[in-house]
Amino acid sequence: MPGATEDRNANAAGPTSLEDAVEFIRTTYSPVVGTELVNVNGCEGRRLATAIVSVSDLPYFPAAAMDGFAIRSADIDERKPLVALRISGFASAGHPFSGGLGPGEACAISTGAVVPVGADRIVPSEDCKFVGDTVYVNADLKAKPHIREPGEDVKTGQSLLKAGTRLGPRHLGLLHALQFQTVQVFKRLCVALISSGDELREAGDPLSDGQIIDSNRPYLRASLQALGCEVLDLGIIPDDPERILRALVGAARNCDLIVTSGSASIGSTDVMSKLIRRRGYLEFWRLALRPGKPVGLGDIDDCPILSLPGNPFAAAAAFAFVGRPLVGRLADDDSLLDDGMWLPLMDDVPCRRGVAQIRGATLGLRADRSCGVTVQPATGSANLAALAASEGFALLPDLDGTLSAGDLVRFVPH
């Protein structure tokens, strides 16, 4: 009901600090994604919805860890420097020796091959000499047996990967080795992405006076995809309230989240907050944050909408500290709800009272070889070069004074 929505907006008293905004996201929003079964071959970058428990041992069989000769320890007489054994066969990876070892016998073997029945030790090739069908071994019974036992790597029933794990290359080899064909993963959060502004054009378009290329959508699209989202890119919409509203309503029907950049300040063409209030509800707008102050969060037809500033550095900074936890909450990804990394400063950095500052930052090694953060000087909210030169963002607290080298600051990569 429009009247009820207007009353709700009129009585709003949302967060004004970054800390309160993130806590509001944590406590107000719930995960919206379901789960689906996907082929292991297409699961990279997806997050596990259920834990992975091994259904078999690794290795499956006792396997040679060295090239050499499989022997029986019972045949070794340590009082003799060399013991002569008859070579009864050969085993290679994928081609087991069909027989077993009897007393006084040895089997030539290569790494990865099945250890013959009866053998309990591999003597490396460098400790053996063979002539014809006889091998002379110099075996130390106190040395490693050089056999990979079944279950030595992974045991049946062993818990391997937790629910919520984002699957990367290091996980895929394990899943394939254990013969998993499919895995249950969270569905991707579907995010609609919009830039608004009469001045914006796509890369490659001719530019008239006062026009610029939209750099926010490429940055935000890549950032969202890196967080595992499916992005519906709705392009650039001019500063026409009715066209913007139609796009927002359509996106709300089809997506889990809407992210916009532009039309978010207080100018006559900055209408995003008005449109959100008109069709839905604005939870907060404008935080004590620099850059990134004109960031808003609300809903359009019950679909969450994050309104970011139009200036590129400000949009990226606000997304890192507000958008990232919002995506995490909606996608049921707790790793995006943490505080990032708390790392020591490489140099002294002045702060200011009244606003939390977000600065571009890079990582480096301190004198003790620990990781530290170098904070960039303050830049304009539209500075793309500073954004490209940074590896992430450092959050400087709201205080008068100077943070000293070694003090901890919050760092969020991008």
Side-chain angles (χ1 to χ4, degrees), residues 14-26 28-29 189 191-197 200 214-224 226-227 229 231 257-267 270-273 276 282-299 304-330 336-340 354-361 375-376 378-384 386-388 390-398 409-414:
T16 57
S17 71
L18 176 60
E19 292 76 13
D20 289 345
V22 174
E23 183 60 23
F24 179 85
I25 289 169
R26 289 175 181 270
T28 304
Y29 291 90
L189 190 74
V191 183
L193 184 59
I194 297 171
S195 286
S196 63
L200 298 179
D214 179 17
S215 60
N216 284 353
R217 271 179 31 258
Y219 177 91
L220 293 169
R221 182 171 58 241
S223 297
L224 288 162
L227 298 182
C229 299
V231 179
L257 170 66
I258 304 168
V259 176
T260 69
S261 67
S263 301
S265 189
I266 56 175
D270 296 324
V271 299
M272 197 62 69
S273 63
I276 295 173
L282 191 64
E283 302 287 2
F284 63 78
W285 181 57
R286 299 172 68 81
L287 299 177
L289 196 63
R290 182 170 295 175
K293 183 176 183 178
V295 57
L297 177 64
D299 68 76
I305 177 169
L306 176 66
S307 171
L308 298 172
N311 284 318
F313 194 99
F319 180 80
F321 287 93
V322 180
R324 187 172 176 269
L326 178 61
V327 168
R329 189 68 183 124
L330 296 175
L336 302 181
L337 290 167
D338 61 23
D339 288 335
V355 64
Q357 297 179 74
I358 300 177
R359 300 275 191 85
V375 175
Q376 295 175 342
T379 61
S381 60
N383 196 312
L384 279 165
L387 181 63
S390 67
E391 295 175 274
F393 299 99
L395 181 65
L396 304 183
D398 172 0
V409 294
R410 183 178 165 193
F411 174 83
V412 174
H414 73 99

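For reference, positions follow the sequence shown, starting with 1. Quick note: numbers below take in every heavy atom, side chains included, and nothing from hydrogens, waters or symmetry partners. Quantities reported herein were computed from a predicted structural model and do not represent experimental measurements.
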> Is the distance between the ring centroids of F313 and F393 under 6.0 Å?
Replying inline: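 Ring centres of F393 and F313 closer than 6.0 Å.
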Decide yes or no for [X] and [Y]: does some side-chain heavy atom of the first lie under 4.5 Å from some side-chain heavy atom of the second?
| X | Y | value |
| --- | --- | --- |
| F321 | V295 | no |
| H414 | S223 | no |
| L257 | Y29 | no |

To the nearest 0.5 Å, tell me how far [X] [atom1] sits from [Y] [atom2].
| X | Y | atom1 | atom2 | value |
| --- | --- | --- | --- | --- |
| L306 | D299 | CG | CG | 13.0 Å |
| N216 | I194 | CG | CD1 | 13.5 Å |
| L326 | I305 | CG | CD1 | 11.0 Å |
| N311 | K293 | CG | NZ | 14.0 Å |
| S273 | L297 | OG | CG | 13.0 Å |
| F24 | S17 | CZ | OG | 12.5 Å |

Heavy-atom pair with the smallest gap, counting every atom of [X] and [Y]:
| X | Y | answer |
| --- | --- | --- |
| S307 | T260 | CA-OG1, 3.4 Å |
| P291 | A314 | CB-CB, 3.8 Å |
| G328 | L337 | C-CG, 4.4 Å |
| D214 | S195 | OD2-OG, 2.9 Å |
| V375 | R359 | CG1-CB, 3.4 Å |
| A382 | P312 | CA-CD, 3.7 Å |

> If you count the non-hydrogen atoms of other residues, nucleotides and ligands that lie under 6.0 Å from CZ in R410, is the total more than 12?
Replying inline: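 Buried by this count: over 12 neighbours within 6.0 Å.
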> Is R324 salt-bridged to D338, going by a charged N under 4.0 Å from an acidic O?
Replying inline: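 Yes.
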>> Does E283 form a side-chain contact (heavy atoms from CB on, under 4.5 Å) with I25? I'd like the steps, not just the answer.
In response: CA-CA 10 Å; E283 302 287 2; I25 289 169; over 6 Å; no
> Do Y219 and L387 pass the side-chain contact (heavy atoms from CB on, under 4.5 Å) test, and can you show the C-alpha distance, the side-chain angles, and the key distance before you say yes or no?
Replying inline: CA-CA 10 Å; Y219 177 91; L387 181 63; 4.1 Å; yes
> Is it true that a side-chain atom of R329 and a backbone atom of R26 form a donor plus acceptor pair closer than 3.5 Å?
Replying inline: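 The answer is yes, because a donor-acceptor pair under 3.5 Å joins these two groups.
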> Between V259, V191, V231, which is the residue that forms a side chain to side chain contact (heavy atoms under 4.5 Å, CB included) with R221?
Replying inline: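 Answer after filtering V259, V191, V231: V231.
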